[in-house]
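Naming convention: chains lettered A, B, ... in sequence-line order (proteins, then strands); numbering from 1 in each chain.
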Number of protein chains: 2
Amino acid sequence: MLQNPENCAVVRTVGYIGGKWKPIILVRLLNGEKVRFGKLTVQMPDISRKILSQQLKELEEDGLIIRHSYMEKPPRVEYELSELGKTLIPVLKAMYDWGNQIAAPEHKGTWDPIVR
Amino acid sequence: MLQNPENCAVVRTVGYIGGKWKPIILVRLLNGEKVRFGKLTVQMPDISRKILSQQLKELEEDGLIIRHSYMEKPPRVEYELSELGKTLIPVLKAMYDWGNQIAAPEHKGTWDPIVR
DNA sequence: AATAATGGTAACCTATTGGTAACTAACACA
DNA sequence: TGTGTTAGTTACCAATAGGTTACCATTATT
């Protein structure tokens, strides 16, 4: 997903967190907790498991999140922000604040909604 | 381009500035000046004129930029941030700063580069 | 008469993204 | 024995995003 790593800062940022789902996934991890795959599918019912798993893999490859896989049956996998991922908090916070600003008050969100 | 206007602030923000080119276009307008279509094509040689024109139209429809068309021959068209667009400055600045942070020092950008 | 300049648009094509349904392994429980 | 659970993957297809090339109108310049 990373493209054109040189030249322009915004191009770089878009390379990491561009796309429809990545910022939304990252916001689910903002509070620092580890979150299970299944919980993410519940919080984001409009993203298919295939795409979610794909996006999580890219985020992990780019070093923004860490995947913890416990060798249990049935399996348990948890995701959390990496240290690099935590440096994105100001970006995600700015996006979150802007989206709230422009919303009608009754639509203003919380940090833990079901995302549609 | 606007999708799911309710429920989640980040989903809303991505609806406005998601996509490969929109944040990059908006950064070209950050300084408040009116910029001609042709200058944008020079600053962003990797975006085709068709896509640039398409994205500018969407940004205008979403109220983030203003299109000034002067009835001259050959034509002159200028774009600038709207008041709503200016409220995005913290978001764009955060994206720009993050992209610079993670770059090797020799790749750190200026506010007026050719974007690749 | 031809060429350049501007800000596009139309037709067409490719690439990426997204969606659905079925399948897996290994264990727990009824 | 059969069902449920988890975190996926695979195969297949549809939709969307992005890209390429050619073309337009109008005027000035060569």
Side-chain angles (χ1 to χ4, degrees), chain A residues 1-4 8 10-11 14-26 28-29 33-62 65-80 115-116, chain B residues 1-4 8 10-11 14-26 28-29 33-62 65-80 115-116:
Chain A
M1 182 66 189
L2 241 53
Q3 51 197 346
N4 304 309
C8 175
V10 177
V11 173
V14 171
Y16 278 88
I17 63 164
K20 187 175 171 183
W21 295 113
K22 285 182 183 174
I24 297 160
I25 294 169
L26 290 169
R28 300 296 101 207
L29 307 176
E33 288 172 17
K34 297 192 181 98
V35 182
R36 294 186 68 165
F37 184 84
K39 188 174 182 192
L40 291 173
T41 66
V42 171
Q43 290 182 324
M44 302 181 284
D46 288 355
I47 181 173
S48 69
R49 287 187 308 173
K50 181 191 126 188
I51 297 294
L52 178 57
S53 138
Q54 199 177 91
Q55 302 287 308
L56 286 166
K57 191 181 289 178
E58 289 182 13
L59 289 169
E60 194 203 358
E61 285 169 1
D62 289 346
I65 64 174
I66 300 170
R67 180 180 188 273
H68 304 273
S69 176
Y70 305 90
M71 288 307 168
E72 302 173 359
K73 295 299 156 75
R76 178 162 60 105
V77 177
E78 292 178 338
Y79 295 91
E80 65 171 343
V115 175
R116 283 176 198 284
Chain B
M1 183 62 187
L2 241 51
Q3 51 197 348
N4 303 312
C8 175
V10 177
V11 173
V14 171
Y16 278 90
I17 63 165
K20 189 174 171 183
W21 295 114
K22 282 181 184 174
I24 297 158
I25 294 169
L26 290 169
R28 300 296 100 206
L29 306 176
E33 289 172 16
K34 297 191 181 100
V35 182
R36 295 186 65 164
F37 184 85
K39 188 175 181 191
L40 291 173
T41 68
V42 171
Q43 289 182 324
M44 301 181 285
D46 288 354
I47 180 173
S48 69
R49 287 188 308 172
K50 182 196 131 188
I51 298 296
L52 177 57
S53 137
Q54 199 177 91
Q55 302 288 304
L56 286 167
K57 190 181 289 178
E58 289 182 12
L59 288 169
E60 195 204 359
E61 285 168 1
D62 289 345
I65 64 175
I66 300 170
R67 180 178 187 271
H68 303 273
S69 177
Y70 305 90
M71 289 306 169
E72 302 173 358
K73 295 297 158 70
R76 177 160 62 103
V77 177
E78 292 178 339
Y79 295 90
E80 66 171 341
V115 175
R116 283 179 197 283

Rounded distance in Å - CG (B:Leu40) to P (C:dG7): 9 Å
Distance, rounded to the nearest Å, where A:Ile47 contributes CD1 and D:dG8 contributes C1': 14 Å
Summary of protein contacts for nucleotides 20-30 of chain C, nucleotide by nucleotide, where a base hit scores B, a sugar-phosphate-only hit scores S (4.0 Å, heavy atoms): B-----SS---
Touch class at under 4.0 angstrom, heavy-atom based, for A:Tyr70 against every strand present: nothing
Between D:dG19 (C1') and B:Lys20 (NZ): distance, integer Å: 9 Å
Touch class at under 4.0 angstrom, heavy-atom based, for A:Glu78 against every strand present: nothing
Which residues share a side-chain contact (heavy atoms from CB on, under 4.5 Å) with A:Arg76, sequence neighbours left out: A:Arg36, A:Tyr70, A:Glu72, A:Glu78
Partner residues of A:Ile66 under the side-chain contact (heavy atoms from CB on, under 4.5 Å) criterion, sequence neighbours left out: A:His68, A:Glu80, A:Ser82
Side-chain touch A:Arg28/A:Leu40, heavy atoms, less than 4.5 angstrom: yes
Gap between atoms CD and P, on A:Glu72 and D:dA7 respectively (whole Å): 10 Å
B:Ile24 side, atom CD1; B:Gln55 side, atom CD - distance, nearest 0.5 Å: 10.0 Å
Gap between atom CG of A:Leu56 and atom CD1 of A:Ile65 - 0.5 Å precision: 4.5 Å
